[in-house]
Amino acid sequence: MKEKTAHGTHEPFVRIVKRDTVPLTVKIAVYAAAILLAVIVSGIFIYFVSDYDLITTYSTMFTGVFRNDITINNYFKETCLLLMIAIALAPAFKMRFWNIGAQGQLLAGGLVAAAWLYYFGNSMPDAALLPLMAVSAVLIGGLWAVIPAIFKVRFGTNETLFTLMMNYIAIQLVACCTDIWKGIKSALGVIDRNAGYVGSLFGLKYGWIYAAALVLLVVMYVYMNKTKQGYEIAVLGEAVNTARYAGINETLVTIRTVFISGAICGLVGFLYVSNLNHSIASSTGGSYGFTAIIVAWLAKFNPIFMLLISLLISFVSQGSSEIANKNTDLNSSVSDITIGIFLFFILGCEFFLNYRLLIGKGKKAAHEGGKEAAA
């Protein structure tokens with residue numbers, strides 16, 4: 001809506017002004033408000049589909065996550081898997097290379113690990129087999145990501161579409177291999193081999209997953225914030241011309257960073273095969289490759305914030321599944337919708353952190369906009 005001034009020009013009644021800086025207290029308040037709204041709206045949604053009131057809804061979710069050792073371990077396991085994929089995407093995204101292919105890179109790494117397990121699981125001890133599985137998964141995951149990176153730097157292709165299409169190639173490769181391996185069976189199931197299990201760590205069934213996530217979190221934080229390579233990623237992501245003027249090798253940094261991104265996804269694929277499923281399927285990894293994109297973006301590529309967001313998303317997912325399990329009329333879609341509600345409000349609050357609405361007549365709004373810009 002525009003307001004006519006005395007000079008005959010038209011000024012918008014509602015203005016959107018970009019914020020230069022936002023105090024930490026304001027950020028915390030906005031995120032808290034977004035989460036509170038998500039809690040209320042998701043509670044209303046669940047009430048209409050299950051007749052659970054707000055208190056019953058979240059007490060059931062809490063019980064579903066922290067009921068016993070099994071549910072607690074599952075919660076932290078899912079959190080760590082999501083966190084590791086988000087960590088993998090962070091350096092590529094910070095460099096403005098939009099890697100949408102985490103799912104394919106995870107499957108590529110998992111497939112080569114499963115191949116080692118299938119063909120050599122009965123003839124090699126764990127001491128030899130597991131390192132081969134892990135190193136191969138990391139290398140293949142990294143190389144799978146490097147393919148679109150090479151095309152990007154050499155021919156200027158769109159990495160978003162390229163990495164997305166690579167997902168479908170990986171899915172079909174896994175489907176082809178598992179179809180061959182299962183033979184006359186209806187499904188591959190667990191690969192029946194005597195080796196290839198990483199086992200527990202510190203008495204925890206998923207201890208290796210916890211340890212890998214913790215190590216990656218610390219290493220990636222240091223790598224992106226305290227090293228020369230992390231600085232090169234940041235500069236290249238902010239201004240390509242500045243990076244070139246500073247003598248940064250754009251091709252080398254791009255390929256190196258994307259390889260690291262894919263290699264971490266490949267490592268996650270190895271953990272799926274060796275610690276979780278002892279098998280591989282085209283559905284391995286679920287939708288984490290895409291959910292992790294939101295986690296990395298919301299966290300502004302900060303691994304510490306990624307951990308907090310991963311904890312929230314995993315809680316909502318597992319808690320909503322508990323509600324669906326207790327109601328025969330509901331299914332797993334309840335969990336997906338609830339996560340969507342939380343992500344909608346959290347993503348929505350990004351607008352209010354980056355922009356402010358100015359409502360008023362021309363001169364007043366312009367004056368306020370000028371003050372905001374000056375600040």
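We're numbering straight along the sequence, starting at 1. Scope of the values below: all heavy atoms of this structure, side chains included, with no hydrogens, waters or symmetry mates.
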(request) For the pair T284 (side chain) and A281 (backbone), establish whether a donor and an acceptor sit closer than 3.5 Å, ignoring hydrogens and angles. (result) yes
(message) Give me the atom names and distance for the closest heavy-atom approach of L204 to N73.
(response) CD2-OD1, 4.5 Å
(message) Given 3.5 Å as the limit, does a donor-acceptor pair link the side chain of S279 with the main chain of G189, or not?
(response) yes
(message) Would you say N249 and E232 are linked by a side-chain donor-acceptor pair, where the criterion is simply a distance under 3.5 Å?
(response) no
(message) Is it true that, when you exclude D69 itself, more than 12 heavy atoms of the residues, nucleotides or ligands shown sit nearer than 6.0 Å to its CG?
(response) no
(request) Show your working on side-chain contact (heavy atoms from CB on, under 4.5 Å) between I85 and V295 and close with a plain yes or no. (result) CA-CA 9 Å; I85 300 175; V295 173; over 6 Å; no
(request) Check whether any side-chain heavy atom of W297 lies under 4.5 Å from a side-chain heavy atom of L89, and answer yes or no. (result) no
(message) Pair N99, Q105 - check side-chain hydrogen bond (donor to acceptor under 3.5 Å, both in side chains), show working.
(response) CA-CA 10 Å; N99 181 12; Q105 294 145 28; 3.0 Å; yes
(request) Check the hydrophobic clustering (I, L, V, M, F, W, Y; side-chain heavy atoms under 4.5 Å; chains of links allowed) and say if I260 and V146 are grouped together. (result) no
(message) Main chain of G230, side chain of T227: is a donor-acceptor contact present, judged purely on distance under 3.5 Å?
(response) yes
(request) May I ask you to test the L143-I147 pair for a side-chain heavy-atom distance under 4.5 Å? (result) no
(request) Would you indicate whether the side-chain heavy atoms of M306 and L82 approach each other to under 4.5 Å? (result) no
(message) Check for me, please, whether Y197 and M133 land in the same ILVMFWY cluster - side-chain distances under 4.5 Å, paths through other members count.
(response) no
(message) Do I346 and I294 make a side-chain contact, defined as non-hydrogen atoms from C-beta onward lying under 4.5 Å apart?
(response) no
(request) For the residue pair Y75 and S317, confirm or rule out a side-chain donor-acceptor distance under 3.5 Å. (result) no
(request) Enumerate the residue pairs fulfilling ring pair (Phe, Tyr, Trp, His ring centres under 6.0 Å) with a member in residues 140-164, sequence neighbours excluded, ordered by first and then second residue. (result) F151-F155, F151-F162
(request) Kindly indicate whether the side chain of I248, heavy atoms from C-beta on, has any atom under 4.5 Å from the side chain of R244. (result) no
(message) Between I323 and Y58, does the side-chain contact (heavy atoms from CB on, under 4.5 Å) criterion hold? Intermediate values first, please.
(response) CA-CA 9 Å; I323 293 174; Y58 286 98; over 6 Å; no
(request) Considering non-hydrogen atoms only, spot the tightest contact between W98 and T163 and give its length. (result) O-OG1, 3.7 Å
(request) Indicate yes or no: at least one non-hydrogen side-chain atom of L307 is less than 4.5 angstrom from one of L217. (result) yes
(message) Nearest 0.5 angstrom please: Q318 CD to F66 CZ, how far?
(response) 8.5 Å
(request) List the atom of A137, the atom of A113, and the distance in Å for their closest heavy-atom pair. (result) CB-CB, 4.4 Å
(request) Begin from the C-alpha positions of R193 and L129 and carry the test side-chain contact (heavy atoms from CB on, under 4.5 Å) through to its verdict. (result) CA-CA 12 Å; R193 294 295 183 267; L129 181 62; over 6 Å; no
(request) Please check if L308 and F342 belong to a single hydrophobic cluster, counting links between Ile, Leu, Val, Met, Phe, Trp and Tyr side chain heavy atoms closer than 4.5 Å. (result) no
(request) Quick one: pull up NZ in K326 and OG in S321 and give me the separation to the nearest 0.5 Å. (result) 13.0 Å
(request) Answer yes if the ring centres of F97 and F93 are under 6.0 angstrom apart, and no otherwise. (result) no
(message) Could you check whether atom CZ of F305 has more than 12 heavy atoms from other residues, nucleotides or ligands sitting under 6.0 Å from it?
(response) no
(message) Quick check: closest heavy atoms across E322 and G64, and the distance to 0.1 Å?
(response) CG-CA, 3.6 Å
(message) What I'd like to find out is whether the side chain of Y47 reaches to under 4.5 Å of the side chain of T57, using heavy atoms alone.
(response) no
(request) Would you indicate whether the side-chain heavy atoms of F290 and I100 approach each other to under 4.5 Å? (result) yes
(message) Run the ring pair (Phe, Tyr, Trp, His ring centres under 6.0 Å) test against F344 and tell me which residues pass, sequence neighbours left out.
(response) none
(message) Using modelled atom types and a 3.5 Å cut-off, is there a donor and acceptor pairing between side-chain atoms of D126 and backbone atoms of G196?
(response) yes
(request) Evaluate the side-chain contact (heavy atoms from CB on, under 4.5 Å) criterion for residues L139 and V112: first the C-alpha distance (whole Å), next the side-chain angles of each, then the deciding distance (0.1 Å), finally the verdict. (result) CA-CA 10 Å; L139 288 176; V112 71; over 6 Å; no
(message) Please check if the number of heavy atoms outside K27 that lie under 6.0 Å from its NZ is greater than 12.
(response) no
(message) To the nearest 0.5 Å, what is the distance between CD1 on I233 and OG1 on T257?
(response) 3.5 Å
(message) How long is the straight-line distance from OG1 of T79 back to CE of M84, given to the nearest 0.5 Å?
(response) 10.5 Å
(message) With a 3.5 Å distance limit and no angle check, can you tell me whether N225 reaches the backbone of Y221 through a side-chain donor-acceptor pair?
(response) yes
(message) Under a plain distance cut-off of 3.5 Å, with no hydrogens placed, do T71 and N74 share a side-chain donor-acceptor pair?
(response) no
(request) Give the minimum heavy-atom separation between V26 and L353, together with the two atoms involved. (result) O-CD2, 4.5 Å
(request) Considering non-hydrogen atoms only, spot the tightest contact between G110 and I280 and give its length. (result) C-CD1, 3.9 Å
(message) If you take the centroid of each ring, where Trp contributes its six-membered ring, are Y210 and F202 closer together than 6.0 Å?
(response) no
(request) To the nearest 0.5 Å, tell me how far R96 CZ sits from E159 CD. (result) 11.5 Å
(message) Does the structure place the NZ or CZ of K94 under 6.0 Å from the centre of the six-membered ring of F301, at an angle of no more than 45° from the ring's axis?
(response) no
(request) Indicate whether any N or O donor in one side chain lies under 3.5 Å from an N or O acceptor in the other, for Y288 and E78. (result) yes
(request) Indicate if V39 and I55 have the same hydrophobic cluster label, given that clusters are the connected sets of ILVMFWY residues with side-chain heavy-atom separations under 4.5 angstrom. (result) no
(message) Hydrophobic cluster membership, with links at side-chain heavy-atom distances under 4.5 Å among I/L/V/M/F/W/Y: are I191 and L132 in one?
(response) yes
(request) For W208, check ring pair (Phe, Tyr, Trp, His ring centres under 6.0 Å) against everything at least two apart and list the hits. (result) none
(request) State the NE2-CG distance between H278 and L117, to the nearest 0.5 angstrom. (result) 4.5 Å
